[in-house]
2 protein chains.
Amino acid sequence: MREASGYEIKKMIEEDVFGHFIEASYGSIYPALGRMTEEGLLSVRSEEQAGKPDKKVYTITPSGLSELAMALEVDPAKDKFRSEFLFQMLLGEMLPANHLALIYEAQIDYLREEIARIKQRGDESEQHDGMQFVSKYGIVSLSAGLNYLEENKQEFLGRLNKAKATKQ
Amino acid sequence: MREASGYEIKKMIEEDVFGHFIEASYGSIYPALGRMTEEGLLSVRSEEQAGKPDKKVYTITPSGLSELAMALEVDPAKDKFRSEFLFQMLLGEMLPANHLALIYEAQIDYLREEIARIKQRGDESEQHDGMQFVSKYGIVSLSAGLNYLEENKQEFLGRLNKAKATKQ
DNA sequence: TGACTTTATATCAATTTGATATATGTTCAG
DNA sequence: CTGAACATATATCAAATTGATATAAAGTCA
């Protein structure tokens, strides 16, 4: 278990592979860090830095570690997936054709970048089993979506245009 | 655009195909319905029902329709995916082998059900283009994940057990 | 040089969740 | 045939979360 500051935790969630299925903002991270320190689950060490505010480096305590182990031993909640892109596709008939084509392409780019990012992180450092497992899971899921978008682009955009033309 | 009550909207999100990528609770649906009615985006009609509270059936107004069209004409936010299952896999080494195997199997079942549900809804009623598109997107994404879980089950669970044995 | 990005913590209004309250009808096992 | 559980239906609320903003200084780059 590595040590980290609140800022570094946020960065990890944004940039590391597991950012694919975990999310948290400063407004939840900092209060959680404070509360968990009070409860003895974490210990803090302040690193002084010229100018910048002190960097508070948190480390998990033995107590925190056993609490974590307990917290993991429950049935996980269902996966949650939200996609404004798919919502816009669902109501595609209401959108101008050029905007639809634009966001379709943007989504393809976004998925390509996301997959590339996960792959790259995996290559950079050798990962433990769990990290490798979730990385590959992310890659296959996102790739399936990307592949679907690439294969159905012409047909879907074309069909929607025809559907709209018919309605007018 | 069909008409619906708050309760029916919740049911749709839970049970219909687009529930795969949309979520909302009563605490957000009812206030939103009220606010949007005040703003003239929706109209309400109360259906009296013996015993049960009146069913409030909402319909989108022309004003609401044009507001919706405008709201759709923006760049969609990034997809969000959260998975406690993957989080537990990430930290798989901290979990007892039997619990790990249990939730692994449960996740496979969950994905199978989810895929079956989307497929079934598609067969039940002929869908418009957008609905068909998002249904298939969901099916291919979830299937890729399911497939990955099925193919890597032995190896991943076995490797984690070995890793834990080594550490002790 | 001046604008933008990065490091770093923290707070806050607004929104959202998940749970609960209320009330009645339906369904199904024992 | 009864009683428990589930479904219909609206609504609210504490607690959690988001997304934005504040503060402050260093580094980067045109």
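Chain A is the first sequence line, chain B the second, and so forth, proteins listed ahead of strands; every chain is numbered from 1.
- In terms of phosphate contacts, B/Tyr7 brings a side-chain nitrogen or oxygen within less than 4.0 Å of OP1 or OP2 of D/dT8.
- Within the nucleic acid shown, A/Gly27 comes within 4.0 Å of at least one base atom, counting heavy atoms only.
- Atom CD of A/Glu84 and atom P of D/dT18 are 15 Å apart (whole Å).
- A close approach under 4.0 Å does not occur between any side-chain nitrogen or oxygen of B/Lys10 and OP1 or OP2 of D/dT10.
- Whole-Å rounding puts the A/Glu23 CD to C/dT16 C1' distance at 14 Å.
- Note: NZ (B/Lys11) to P (D/dC6) measures 13 Å, nearest angstrom.
- A sub-4.0 Å separation between OP1 or OP2 of D/dT10 and a side-chain N or O of B/Ser5 is present.
- Listed pair A/Tyr26 / C/dA10 fails the phosphate criterion, with no side-chain N or O lying under 4.0 Å from OP1 or OP2.
- One finds no side-chain N or O of A/Arg82 lying less than 4.0 angstrom from the OP1 or OP2 phosphate oxygen of C/dT16.
- Note: NZ (A/Lys56) to P (C/dA8) measures 14 Å, nearest angstrom.
- Regarding A/Ile29, its CD1 atom lies at a distance of 15 Å from the P atom of C/dT7, rounded to whole Å.
- Closest heavy-atom contact between A/Ile118 and A/Leu142: CD1-CD1, 3.9 Å.
- Which of D/dA9, D/dT18, C/dT9 sits closest to the side chain of A/Lys55 comes down to C/dT9.
- Taking side-chain N and O atoms only, B/Lys80 has a distance below 4.0 Å to OP1 or OP2 of D/dG19.
- Ion pairing between a basic and an acidic side chain is recognised when a charged N comes within 4.0 Å of a carboxylate O; B/Glu15 and B/Arg117 show no such pairing.
- Between the CZ atom of A/Arg45 and the P atom of C/dT9 there is a distance of 12 Å, given to the nearest Å.
- Closest of all the heavy-atom pairs between A/Tyr58 and A/Leu42 is CD2-CD1, 4.1 Å.
- In this structure, B/Leu33 atom CG and C/dT15 atom P are separated by 16 Å, rounded to whole Å.
- One finds no side-chain N or O of B/Ser28 lying less than 4.0 angstrom from the OP1 or OP2 phosphate oxygen of C/dT16.
- To the nearest angstrom, P of D/dA16 lies 8 Å from CZ of A/Arg35.
- Electrostatic pairing of B/Lys55 and B/Glu8 counts as a salt bridge here, judged by a charged N lying under 4.0 Å from a carboxylate O.
- Closest-nucleotide positions on DNA chain D for A/Ser25 and B/Glu15 were compared, and the one nearer the 5' end corresponds to B/Glu15.
- Using a 4.0 Å cut-off between charged side-chain N and carboxylate O, A/Lys10 and A/Glu14 make a salt bridge.
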